[in-house]
Amino acid sequence: DELTFLRQGERKVVAYLPPLYHELKAYSHIALAAYLVTGLEPGNAELPATRQLEIRRLLERLPDVKQELQRRDYPENLKARQAIIIDATSEYLQRCHQRAYEKRPVDSEDRVQFARNLRDLIEANVADAARIQIEALEEHVSRWYSTLTPDEAAQVKVVVVGGPMPRRDNVAVQFFEWYLGKVAEDWILYAESLFEEQKALTLLGTHLVDRDVGRAFFDEPSRMTRDLLGDAAARILSTRKKPKN
């Protein structure tokens, strides 16, 4: 949620994501929660009592969520989209609850169809959230970037901190590649699960040293960012005959 700008010992932290970004994620997660809570464990045809209780709790909360949505100052098309997600989720959970009450097995096809029916709406929320994040990044980064000297601007390094799953195609990484016109790994580093600032900066320092070593010894800046023995292993394995299993 934050951008941290470090420049010659100065540190500036900005909370840059507006509330709507998180709200769109929350509405999408309503459908995700319903999908996950109705999943069967291997070998079971019925939902356990704990899952049935979670379904009831979700059903009890959805009317309040729907009512709260009506108070939101959203554009009508955006508000209608969230209302459809809530209503479709409620109807699906009610069907699942009724089946469980009647001791009937879960309808796995209904579960998949529920997810597919909401795909376009979830994708629309995803697109809006991505646009909001990119616009917010551009606003705050441009404001800070405009204060840099040409020499400083040419030396900007970026560390994007995040979890393991969002690493591929990360929005912030894509933004900084676009904004700076520079390739990730050269100037933009993804710090996986290093949520403490000092650890992320230590990773950046190690990365810069590794690139210098790779360039000096192997004429390949990225050589130390992968297994040093990898190239030799690939050559060796390509000439070895596979054992018969």
Side-chain angles (χ1 to χ4, degrees), residues 1-7 10-36 61-62 64-86 89 118-148 153 156-185 187-204:
D1 292 351
E2 293 181 342
L3 284 166
T4 302
F5 300 105
L6 301 173
R7 178 191 183 190
E10 297 180 359
R11 181 176 183 272
K12 179 182 178 181
V13 180
V14 178
Y16 79 100
L17 285 172
L20 181 57
Y21 172 87
H22 298 287
E23 291 160 8
L24 287 170
K25 288 178 65 176
Y27 287 116
S28 299
H29 281 147
I30 291 172
L32 175 62
Y35 181 81
L36 294 177
R61 294 178 63 183
L62 287 180
D64 290 337
V65 175
K66 180 73 174 293
Q67 189 174 32
E68 187 271 344
L69 171 65
Q70 301 308 318
R71 294 194 293 268
R72 294 282 182 179
D73 186 22
Y74 294 158
E76 284 306 314
N77 64 329
L78 191 146
K79 184 180 291 188
R81 186 195 310 158
Q82 314 318 314
I84 294 172
I85 291 174
I86 295 169
T89 301
L118 292 182
R119 177 183 299 169
D120 290 345
L121 300 177
I122 300 297
E123 289 281 16
N125 276 2
V126 167
D128 280 344
R131 175 183 51 77
I132 289 168
Q133 183 175 0
I134 288 170
E135 289 176 353
L137 278 168
E138 185 172 8
E139 176 188 353
H140 291 283
V141 171
S142 295
R143 192 177 302 159
W144 178 79
Y145 201 78
S146 66
T147 68
L148 303 181
V156 167
K157 308 290 191 302
V158 178
V159 182
V160 178
V161 178
M165 297 303 287
R167 184 185 188 105
R168 183 178 179 184
D169 298 331
N170 181 272
V171 174
V173 172
Q174 290 190 64
F175 166 80
F176 282 107
E177 285 184 317
W178 168 79
Y179 188 87
L180 298 174
K182 296 176 178 178
V183 180
E185 297 298 331
W187 300 86
I188 303 158
L189 184 64
Y190 189 90
E192 184 176 306
S193 300
L194 295 181
F195 296 104
E196 295 178 27
E197 183 177 314
Q198 189 54 54
K199 289 184 178 179
L201 292 176
T202 299
L203 177 65
L204 174 61

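Start at 1 with the first residue, then count along the sequence.
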Q | Check: Glu139 main-chain N/O paired with Ser142 side-chain donor or acceptor under 3.5 Å | A | no

(Q) Over 60° means perpendicular and under 30° means parallel, so tell me whether Tyr179 and Tyr145 are parallel, tilted or perpendicular. (A) perpendicular

**Q.** Least distance between heavy atoms, Leu24 atom then Ala129 atom
**A.** CD1-N, 4.0 Å

Q | CG on Asp128 to CG on Leu78, rounded to 0.5 Å | A | 6.0 Å

Q: Answer yes or no: is there a donor N or O on one side and an acceptor on the other, between the side chain of Glu10 and the main chain of Leu6, under 3.5 Å?
A: no

Q. Say you draw a straight line from OH of Tyr16 to CD of Glu2; how long is it, rounded to the nearest 0.5 Å?
A. 10.5 Å

Q) Is any side-chain heavy atom of Val158 less than 4.5 Å from a side-chain heavy atom of Leu189? A) no

Q: Decide yes or no for Leu118 and Thr89: does some side-chain heavy atom of the first lie under 4.5 Å from some side-chain heavy atom of the second?
A: yes

Q: Decide yes or no on salt bridge (Lys or Arg N to Asp or Glu O under 4.0 Å) for Arg131 and Glu135, but give the supporting numbers first.
A: CA-CA 6 Å; Arg131 175 183 51 77; Glu135 289 176 353; 3.5 Å; yes

(Q) Counting C-beta onward and ignoring hydrogens, is there a side-chain heavy-atom pair between Thr4 and Val159 closer than 4.5 Å? (A) no

Q. Considering all heavy atoms of both residues, which atom of Ile134 and which atom of Phe175 are nearest to each other, and what is their separation?
A. O-CE1, 4.0 Å

Q.
Quick check: do Ile86 and Tyr27 have side-chain heavy atoms less than 4.5 Å from each other?
A. yes

Q) Is any side-chain heavy atom of Val141 closer than 4.5 Å to a side-chain heavy atom of Arg143? A) no

Q | Nearest-0.5 Å distance that lies between atom CG in Asp120 and atom CZ in Arg81 | A | 10.5 Å

Q. Just how far is it from atom OH of Tyr21 to atom CG of Asp1, taken to the nearest 0.5 Å?
A. 7.5 Å

Q) Does the Lys157 side chain pair with the main chain of Ile188, one donor and one acceptor, at a distance under 3.5 Å? A) no

Q. Given side chains that start at C-beta, do those of Asn125 and Lys25 come closer than 4.5 Å, heavy atoms only?
A. no

Q) Hey, mind stepping through Tyr74 and Glu23 against side-chain hydrogen bond (donor to acceptor under 3.5 Å, both in side chains) and telling me if it holds? A) CA-CA 11 Å; Tyr74 294 158; Glu23 291 160 8; 2.5 Å; yes

Q.
As an exercise, state the distance from CG of Leu137 to CD of Gln174, rounded to the nearest 0.5 Å.
A. 11.5 Å

Q. Just by modelled atom types, is the Thr147 backbone N or O under 3.5 Å from a matching donor or acceptor in the Arg7 side chain?
A. yes

Q: Compare every heavy atom of Ala83 with every heavy atom of Leu69, then report the nearest pair and how far apart it is.
A: CD2-N, 3.5 Å

Q. Any donor-acceptor pair under 3.5 Å linking the side chain of Lys79 with the backbone of Gln70?
A. yes

Q) Is any side-chain heavy atom of Leu20 closer than 4.5 Å to a side-chain heavy atom of Ile132? A) yes

Q.
Less than 4.0 angstrom from a charged side-chain N to a carboxylate O is my criterion; do Arg61 and Asp64 meet it?
A. no

Q) Are Arg119 and Ile122 close enough that some pair of their side-chain heavy atoms sits under 4.5 Å apart? A) no

Q. Do the charged groups of Glu68 and Arg72 touch, with an N to O distance under 4.0 Å?
A. yes

